[in-house]
Amino acid sequence: MLAALILLYRLTDLEFDRATAGRTTFYLIAFPTGFYLTAAYNEGLFIALLVACVYCLRRGHWWWAGSAGALAAATRSAGILLLLAFAYEYIRTHGRTSGAFGDVRVHNLLELGTVLLLATLTVLMFTGPWQVRRDQLVLPLLGAGLLLFMVSFPSRLTDDVPYPLLPASRIGLEIFPAFMLLGSRATIDRTALALFLTVQGILVARFLHAGWVA
């Protein structure tokens, strides 16, 4: 709780001012259910990691943001939504930079799309109509671990490599449980193949013409 309050104060001071920061932290702890922050629940830890990730994103500390985001996702499944914040902040600050793929935004869309697709498939294996059997939980657990590890080490941004999720579109191939789930759903077989093979054709053409892909 203390870490959450300190980080929330720092972030609010960065975004607004000290007076607003003071009131914000007070409102959080004074909220009717604020006492849960001191109880044996994970709200305090999750808020601390959540705010830490956003604070680091707003300061441009991508490695720290990625680490805090991975820990937040390991604490609560909702932490995976930080990928959206990560992508938005990166595109906002670096989206106009030109790079080896011609358009940085297109390249980052490839990397981000890979992460979001694999994350969605992994979550679906835990809950909902696509949930695997209890004796198969080793598959989504391994997939989640591989995914979290992949996004926990964002690329060090330089003028030559302005891609924080590099090379997720290639390393994502290692998350085989997601492909097993796709393979078990015959109803989307043709749609998935048409989409995958179309994009792969574009990337192969780019790769064979000395273009860097992932």
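Note that the structure is a prediction, hence the values are computed from the model and not measured. Position 1 is the first residue of the sequence, and the numbers go up from there. These values consider heavy atoms only, across backbone and side chains, with no hydrogens, waters or symmetry-generated copies.
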Is [X] isolated, or which residues cluster with it under the ILVMFWY side-chain rule of less than 4.5 Å, directly or via members?
X: L8; result: M1, L5, L7, L11, L14, L28, I29, L37, F46, I47, L50, V51, V54, Y55, L82
X: F26; result: Y27
X: W64; result: none
X: L2; result: I6

If the condition is side chain to side chain donor-acceptor pair (under 3.5 Å), which residues does Y9 pass it with, not counting sequence neighbours? none
Side chain to side chain donor-acceptor pair (under 3.5 Å) against S152, all qualifying residues, sequence neighbours excluded: none
Please identify each residue that fulfils side-chain contact (heavy atoms from CB on, under 4.5 Å) with [X], with sequence neighbours left out.
X: N42; answer: T75, R76
X: T198; answer: none
X: L193; answer: D189, R190
X: F35; answer: none

Non-hydrogen atoms of F86 and G66 that approach each other most closely: CE1-N, 4.0 Å
Closest approach of T122 to P140 (non-hydrogen atoms, all atoms of both residues): CG2-O, 3.7 Å
Is E15 atom CD crowded by more than 12 heavy atoms from other residues, nucleotides or ligands, each under 6.0 Å away? yes
Determine whether I80 and Y88 fall in the same hydrophobic cluster, where Ile, Leu, Val, Met, Phe, Trp and Tyr are linked whenever their side-chain heavy atoms lie under 4.5 Å apart. no
Taking L84 as the starting point, is it possible to reach V123 by hopping between hydrophobic residues whose side chains are less than 4.5 Å apart? no
If you measure from [atom1] on [X] to [atom2] on [Y], what distance do you get to the nearest 0.5 Å?
X: L147; Y: L83; atom1: CG; atom2: CG; answer: 7.0 Å
X: L148; Y: L71; atom1: CG; atom2: CG; answer: 9.0 Å
X: L117; Y: T120; atom1: CG; atom2: OG1; answer: 6.5 Å
X: T33; Y: E43; atom1: OG1; atom2: CD; answer: 8.5 Å
X: C53; Y: E89; atom1: SG; atom2: CD; answer: 10.0 Å
X: R58; Y: R92; atom1: CZ; atom2: CZ; answer: 4.5 Å

Applying side-chain contact (heavy atoms from CB on, under 4.5 Å) to W62 and T93, what does each step give before you reach the verdict? CA-CA 12 Å; W62 302 100; T93 55; 3.7 Å; yes
Distance-only check: which donor-acceptor pairs under 3.5 Å involve side-chain atoms of residues 173-188, not counting sequence neighbours?
residue, atom, partner, partner atom, Å
S184, OG, L181, O, 2.6

Side chains of V199 and L195: closer than 4.5 Å at any heavy-atom pair? yes
Going by side-chain contact (heavy atoms from CB on, under 4.5 Å), T114 matches just one of L118, L112, L116. Which one? L118
Are the side chain of T25 and the backbone of G22 linked by a donor-acceptor contact shorter than 3.5 Å? yes
Side-chain atoms of residues 130-139: list all donor-acceptor pairs with protein atoms under 3.5 Å, sequence neighbours left out, distances to 0.1 Å.
residue, atom, partner, partner atom, Å
Q131, NE2, F126, O, 3.1
R133, NE, D135, OD1, 3.0
R133, NH2, D135, OD2, 3.2
Q136, OE1, R133, N, 3.1

